[in-house]
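Order of appearance sets the numbers: ligands from 1, and atoms from 1 within every ligand. Here, residue 1 is the first one in the sequence, and each next residue gets the next number. Being a predicted model, the structure only gives us computed values, none of them experimental.
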Amino acid sequence: MKLYISPTSPYSRICLARALQLGLDDLPMQLVDPWQNPPELEAVNPLSQIPVLLLNDGSVIAGTLSICQYLENQLPTPRYLSGTSQALALLDMLAQVVKLVRFKAPDSDDHPLVARGIAALQRALPRVPAFDGSSDKWPDVMLALVLLTIKLRRPDVYEAAARDDTKAAVEVFAARPLAEKTRPEALATTGAQTVGAL
Ligand SMILES: N[C@@H](CCC(=O)N[C@@H](CS)C(=O)NCC(=O)O)C(=O)O
């Protein structure tokens, strides 16, 4: 089994954090840059997207929620699915905004979906569930990782729209080893080839 990830991918960070939390220390991982279409990634996922999990029988699991689900090997409860799917939807909205800004044609106006996405985040952030930054419940941990990503990529939106209790919980979470080990800067320089070596 091997997990393909990139240091800067918030989706990868979620899968890595779940593997760490589940104690899957022997899980091999490979850092790749999906935007460069590396052949080793294309061989596993022709879409050249990460995260992707290659199983020992050669089958491939793509997509953050499916990978986390496979790793934990348990059927999700409705409450769990509600928390994790909404956290991922928040991340998808942020990713849409970030991608449209990053790959905008030179000297062009922002795509109209940027303003729509920012407005959506501004509506959604004040309504995220209250959570405890030291909680080990996976929907809470996943939400904290998504909020950390919004704070990193769109601090303007995060600072203006997130509640004070959300910001306090995110700060508590950011100081935990799970957050520290999966920080983009830490991953970019790690020589670790398995999750447990992080
Ligand atoms: N829906 C996917 C999204 C994954 C995704 O967007 N990955 C990005 C990196 S953060 C990627 O591989 N981008 C390269 C591309 O889309 O060509 C998931 O849930 O994992």
When you pair each N or O of ligand 1 with protein N or O atoms, which pairs come out under 3.5 Å?
unit_1: ligand 1; atom_1: 7 (N); unit_2: Ile50; atom_2: O; d: 2.7
unit_1: ligand 1; atom_1: 12 (O); unit_2: Ile50; atom_2: N; d: 3.0
unit_1: ligand 1; atom_1: 12 (O); unit_2: Ile50; atom_2: O; d: 3.4
unit_1: ligand 1; atom_1: 16 (O); unit_2: Gln49; atom_2: NE2; d: 2.9
unit_1: ligand 1; atom_1: 19 (O); unit_2: Thr64; atom_2: N; d: 3.2
unit_1: ligand 1; atom_1: 19 (O); unit_2: Thr64; atom_2: OG1; d: 3.2
unit_1: ligand 1; atom_1: 20 (O); unit_2: Thr64; atom_2: N; d: 3.0
unit_1: ligand 1; atom_1: 20 (O); unit_2: Thr64; atom_2: OG1; d: 2.8

Can you list everything that forms a salt bridge (charged side-chain N to carboxylate O under 4.0 Å, His left out) with [X]? Sequence neighbours excluded, please.
X	answer
Lys137	none
Arg183	Glu180, Glu185
Asp107	none

Are Lys151 and Glu159 ion-paired here, with the side-chain N under 4.0 Å from a carboxylate O? no

Supply the atom-to-atom distance Met93 CE to Arg154 CZ, rounded to the nearest 0.5 angstrom.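 With rounding to 0.5 Å, CE (Met93) is 13.5 Å from CZ (Arg154).
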
Exercise: identify the closest heavy-atom pair between Gln69 and Pro76: NE2-CD, 3.5 Å

